[in-house]
Asks: 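The following block contains the structure, expressed as structure tokens.
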Amino acid sequence: MKQSRRSISFSVTILTLMALIVLPLAVALLWLGWRSVSSLERRGTDQRVAALEVAVERFMTEGLRTVVSVGQTLADGPSFNATENPLIDEERRRQLIAMLDRHSVVQAGFVGYGDGSFIYAGRLGSYSIAQRLEFDAPDGEAIIVRIIAEGRESWWFYAPDGSHGPAKERLTDFDPRTRPWYIDAMKAQGPILTQPYRFAQTEDAGISAGVPLRDGHGVVGFDFTLSTLSQLLTAYKITSNSVIMIGSGQGEVDIQSEPCAADAPDCLPGDAAVRDLLRQSIVDALATDKKIDREVQVSGRTYRIITHRMQETLGQRFTIAVAVPLSELNADSRILLERAAGAAAVAVLLAILAAFIASILVSRSIARIAVKTDQIRQLDFSDQTPVQSRITEIVRLSDAVERMREGLEIFGRYVSKDLVHQIMRSPSTSGVGGIRREITVMFTDIEGFSLLSETMEPELLTSRLSRYFEALGSAISANRGMIDKYIGDSIMAFWNAPEPDPDHIANACRGALQAAAAGRELSEKWRDRGRPGFRTRFGLHTGPAVVGNVGARERINYTLVGQVANQASRLEGMNKVYGTEILASGEVAQPTAGLFVWRHIDRVVAVGTTEVHDVHEPLGEIASAPEHAAFLARWNAARDAYVAGRFDEALAAFRSAAALREEDAPCRVFIDRCQALLRDGAPAGWDGTWHMDRK
């Protein structure tokens, strides 16, 4: 008796394992996370505050030093050390304006000289309404340039595009030699920063930098308004409610960050009290010259306050004070812990869903591969997107399918898709053998190809042939033809196999006309570029043949065997005799007389044969019959007289037809032939049949 064994489904097993692994892991990770975050909060706060201190200190030192370096460059340059009247020196004005464009923190740039003359370029945005009216300033952004020389002041307004209006003048008693930036710079004989004071030009409070000129006869100066510096300082706040202050050597607060908007949802109360504490900490830091780092309670919240003196910068040593609410510094940590707890709560649920999602993803990938392989079986290679998956086995399977698709797509260029479809529908037909069927065959050949190949590099010739075969092959395939093989410069194609085609004769004729047109168009392009073109000859014949697999068991070729192929080749060669492009047999022309316009060229017996064939030339689709009616009437009359042996009448008729188409080669052939027959006489038993003496 067979013993029954209890089993558990794969999905239940996976879900149970997931629960056993994820639950303890989630609890352990949550506990470790709580411990780690608590210990890292203090360290993270220290790092963020230290980074804030470094950033602000770098701003107050390196930022100002950069602008002062620009001033030193100007002070050492020839422009501001020149002795010419500054009223007529446009270059000095342009350099000051360019400096303002490059350094947005600078409110104004100027140069004061030992003789009391003064050049000034400042931002008009810092001027009050009264000052704008006083100087008759334009609306919008502009740079005001003011020059003082010999007790007279001239000023211009420069637009953003560099243009300016006429100068305006007035008397003035301003003397740059009395300003703090001039006095301190000349005294120090080097770059300096002033204590905060009121600017003479705009009455704003700010700090000025001064750099003596190289020759010692003046000073280059820059103004930094406290409001602009405060706005820039606000950008360094690491939280919305943090406060930054910078004080001077006397303990006064010169620069401070702007408070948060009172109506903002995250704005904390008690900002004024925090600022009072920071001011006191600045005074304490000046008194002890030590760094202050403590936590204080303000309005029920804990703030961390750090205050210390910066390194000396251009003769000034500022003090920085920072206050940051710890609740904002630790906000990210609290959010992280809350999210971790939530993640632990849903971990088991996600583990349960993961098994189902994984099965769905796997099944979708396999289904996509199944659809793709079926498309490949149908020889549809349009889907070139590989199946994406995280599972190694599926990726390997997808890669194998892609390699198979690429290989079959390349193989499809060598074998007709119709043939492959037939073999796949009935694999037994892939053996050696064939069936008897009426087949229409077309042979093509390039006129004078041997000479072309001797005068052309092989690489270029191969490239030209590839484009040529593509043009002709597209026309053949578009009309249901199958290209059997490429033979050097020739193409052998046939219709009505492997798939039956009841209109195979008409399709072959249409394919030949379109292929000839494509070849002429391609050759015309080459000739326009100074390259030799190809002239193609076509031969068409229809008849019985055995079509199928020919060859050995290990290697076979789907082709046809029969006289029809030889006759099509002979017809292609006859184009050389008549100077035509396409020739077809009567077996092709008669069934399609209602579809195409045909010209009966001749009745011939080819070299090496005894069978008589009618040779016809397709002139176009039946819709073009009116274009050829007059010519064909004269041609047919000439042919009738020729066959009847009335060669003088035929000669006149052929000449009449040639008059309508002077370039018609068959007319010239029959004119020469009639003249020879009139001279030498017709052969015995003449019935209009011409025996070819050359291929």
Side-chain angles (χ1 to χ4, degrees), residues 63-127 131-132 134-170 172 174-177 179 181-182 185 191 199-202 204 206-225 228:
L64 295 179
R65 286 183 184 277
T66 299
V67 177
V68 170
S69 297
V70 174
Q72 289 177 313
T73 301
L74 297 178
D76 290 339
S79 298
F80 292 99
N81 287 277
T83 58
E84 289 83 358
N85 187 345
L87 282 170
I88 61 173
D89 192 348
E90 179 70 16
E91 178 62 24
R92 303 186 205 182
R93 308 178 213 168
R94 296 290 182 185
Q95 289 192 32
L96 290 177
I97 293 173
M99 184 274 303
L100 292 178
D101 291 338
R102 288 191 294 268
H103 301 281
S104 59
V105 70
V106 179
Q107 188 65 34
F110 40 83
V111 184
Y113 291 94
D115 60 358
S117 58
F118 182 64
I119 304 174
Y120 170 92
R123 303 182 191 277
L124 195 58
S126 64
Y127 280 55
Q131 288 175 317
R132 283 176 173 267
E134 177 186 354
F135 287 98
D136 192 19
D139 295 333
E141 293 295 327
I143 298 293
I144 182 172
V145 176
R146 302 165 64 178
I147 294 179
I148 296 174
E150 298 178 355
R152 299 189 64 83
E153 179 180 11
S154 302
W155 69 90
W156 298 261
F157 294 100
Y158 281 73
D161 60 359
S163 61
H164 63 83
K168 300 177 182 180
E169 294 185 358
R170 68 179 180 182
T172 182
F174 176 79
D175 189 344
R177 295 169 294 185
R179 305 304 299 167
W181 52 271
Y182 189 97
F199 299 147
Q201 309 300 326
T202 63
D204 285 336
I207 299 172
S208 294
V211 181
L213 291 177
R214 180 186 60 194
D215 58 10
H217 297 301
V219 176
V220 176
F222 306 99
D223 285 344
F224 307 90
T225 63
T228 300

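Side chains are part of it too, since the values below use all heavy atoms of this structure and drop only hydrogens, waters and symmetry mates. Just so you know, these numbers come straight off a predicted model, no measurement behind them.
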Asks: Keeping R146 on the side-chain end and F118 on the backbone end, is there a donor-acceptor pair under 3.5 Å?
Replies: no
Asks: Has D139 got more than 12 heavy atoms of other residues, nucleotides or ligands less than 6.0 Å from its CG?
Replies: no
Asks: Of the non-hydrogen atoms in P212 and A185, which two are nearest, and what is the gap between them?
Replies: CG-O, 3.5 Å
Asks: Can you check side chain to side chain contact (heavy atoms under 4.5 Å, CB included) on F222 and H103, steps first, answer last?
Replies: CA-CA 11 Å; F222 306 99; H103 301 281; over 6 Å; no
Asks: Given side chains that start at C-beta, do those of W155 and H164 come closer than 4.5 Å, heavy atoms only?
Replies: no
Asks: Minimum heavy-atom separation for E169 to S154, with atom names?
Replies: CG-OG, 3.4 Å
Asks: Is any side-chain heavy atom of I143 closer than 4.5 Å to one of L96?
Replies: no
Asks: Quick one: closest heavy-atom pair of F135 and R170, and the distance?
Replies: CZ-NH2, 3.2 Å
Asks: Does some side-chain heavy atom of Y120 sit less than 4.5 Å from a side-chain heavy atom of E153?
Replies: no
Asks: Side chains of I97 and V145, heavy atoms from C-beta outward: is any pair under 4.5 Å?
Replies: yes
Asks: Heavy atoms only: give me the nearest P191-V211 pair and the separation to one decimal.
Replies: CB-CG2, 4.3 Å
Asks: For the atom pair CD1 (I144) and CD (Q131), what is the distance rounded to the nearest 0.5 Å?
Replies: 9.0 Å
Asks: Step by step, would you call F174 with R179 a side chain to side chain contact (heavy atoms under 4.5 Å, CB included)?
Replies: CA-CA 10 Å; F174 176 79; R179 305 304 299 167; 3.8 Å; yes
Asks: Just verifying a value: how many Å separate D101 CG and R123 CZ, rounded to the nearest 0.5 Å?
Replies: 7.5 Å
Asks: Measuring from atom CH2 of W181 to atom CG of D223, what distance do you get when rounded to the nearest 0.5 angstrom?
Replies: 8.5 Å
Asks: Considering only heavy atoms from C-beta outward, does the side chain of L124 approach that of P138 to under 4.5 Å?
Replies: yes
Asks: Please report the shortest heavy-atom distance between P176 and S117, naming the atom on each side.
Replies: CG-O, 3.7 Å
